[in-house]
Protein chains: 2
Amino acid sequence: MTVGAISIGEAARQSGVKVPTIRFYEQIGLMPAPPRSEGNRRQFDEKDLSRLSFIRHARELGFEMDDIRELLALTEQPQRSCHEADSIAARHLREIEMRIAKLQALSGELRRMVEECGHGKVCECQVIHVLADHGKCRSDTH
Amino acid sequence: MTVGAISIGEAARQSGVKVPTIRFYEQIGLMPAPPRSEGNRRQFDEKDLSRLSFIRHARELGFEMDDIRELLALTEQPQRSCHEADSIAARHLREIEMRIAKLQALSGELRRMVEECGHGKVCECQVIHVLADHGKCRSDTH
DNA sequence: TTACTTCCTCTAGCGACTATAGGAGCAAGC
DNA sequence: GCTTGCTCCTATAGTCGCTAGAGGAAGTAA
């Protein structure tokens, strides 16, 4: 075996991206197809590990694949202005803040629903009634 | 045509659930298969409309299909204790609150990332650097 | 009759994986 | 050398909750 070549299992362990997911990323072109050993095994290097970690971290932060594709392309051109990376992140931040606002409205509605439930029979249940009738909701966010 | 029968288009308009989605719900057994007209068109009634609205509202509140299935089953047994409906809603509320907490940690990280970006070149960009290195994150939530 | 809309079924696609089947390669122990 | 057991390979199908499209039939208004 070539010295220093990293197997897919090892790459998975070090990057935190699962083995089938790494193959999937290769398939959709998010990862380059690595060279193969004589026995047809993928041989990754340190650069691949960095890329995988970058992808994993960005996914954990909720970036979508298209955003990640763009961000990865930017890392390959370190001399360019980071304006684009910045605006992708800023846009993503706005989206997340909107999702938070929406979820907070929902959780308020749910909490009210659960608290007002008298724990009696289904036919008197506030949870069921609110679900059946949007008019019983306080917020307009859904 | 039978008087009072509601077409799928009308049902969609009144319930806010799209036509293909209604058919999809029938297919997966979330909606009962309605009777058909001579020309093979679905004929819905008021009960179907309520059920569709219930589903739509629950989906908007972020309930999953399995939860909705259970909640719908409960509405059919109005004399039972609402304990189950209550616990489904309470569990869902906890899940949403966890999602909110997680998103807030992420938005904090993103905001820091964007604010610390010096708007220079990619090679100095904080956005790119943080993504490449999880160690630069402040929270452990991801 | 013609034109238009609504409806029908069936199939495939989305995103981002995950799971399964059926093999082949490889290292260690006997 | 042989067996055991692990990792790896490809290819396909499934997940969730829809959505889109093809290709055709039925209903409606002028």
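We name chains A, B, ... by the order of the sequence lines, and we start the count at 1 in each one. Keep in mind that the numbers below use all heavy atoms, side chains included, and drop hydrogens, waters and symmetry copies.
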What's the [atom1]-[atom2] distance between [X] and [N], to the nearest Å?
| X | N | atom1 | atom2 | result |
| --- | --- | --- | --- | --- |
| E26(B) | dC7(C) | CD | P | 14 Å |
| I22(A) | dT7(D) | CD1 | C1' | 13 Å |
| I55(B) | dG17(D) | CD1 | C1' | 12 Å |
| R13(B) | dT6(C) | CZ | C1' | 9 Å |
| Q27(B) | dT19(D) | CD | C1' | 13 Å |
| R23(B) | dG21(D) | CZ | C1' | 12 Å |
| D67(A) | dA16(C) | CG | C1' | 14 Å |
| I28(B) | dG14(D) | CD1 | C1' | 15 Å |

Using the side-chain contact (heavy atoms from CB on, under 4.5 Å) criterion, which residues pair with Q79(A)? Sequence neighbours excluded.
K121(B), C123(B)
State the CD1-CZ distance between I68(A) and R56(A), to the nearest 0.5 angstrom.
12.5 Å
Do any side-chain nitrogens or oxygens of [X] fall under 4.0 Å of OP1 or OP2 in [N]?
| X | N | answer |
| --- | --- | --- |
| R41(A) | dT7(D) | no |
| R69(A) | dA16(C) | no |
| Y25(A) | dC17(C) | yes |
| S7(A) | dT7(D) | no |
| K18(A) | dT18(C) | yes |

Any carboxylate oxygen within less than 4.0 angstrom of a Lys/Arg side-chain nitrogen, looking at E116(A) and R112(A)?
yes
Could you tell me whether R59(A) and E64(A) make a salt bridge, using a distance below 4.0 angstrom between a side-chain N and a carboxylate O?
no
Side chains of residues 15-24 of chain B: which donor-acceptor pairs under 3.5 Å do they make with residues two or more places apart or in other chains?
{"from": "S15(B)", "atom 1": "OG", "to": "A11(B)", "atom 2": "O", "distance (Å)": "2.8"}
{"from": "S15(B)", "atom 1": "OG", "to": "V17(B)", "atom 2": "N", "distance (Å)": "3.1"}

Picking from dT10(D), dC18(D), dT9(C), which would you name as closest to the side chain of R36(B)?
dT9(C)
E64(B) or N40(B), whichever maps to the more 5' nucleotide of DNA chain D
E64(B)
Looking for any heavy atom pair under 4.0 Å, which part of the strands does R59(A) touch: base, sugar-phosphate only, or nothing?
sugar-phosphate
DNA chain C nearest-nucleotide lookup for G39(A) and F24(A): closer to the 5′ end is F24(A)
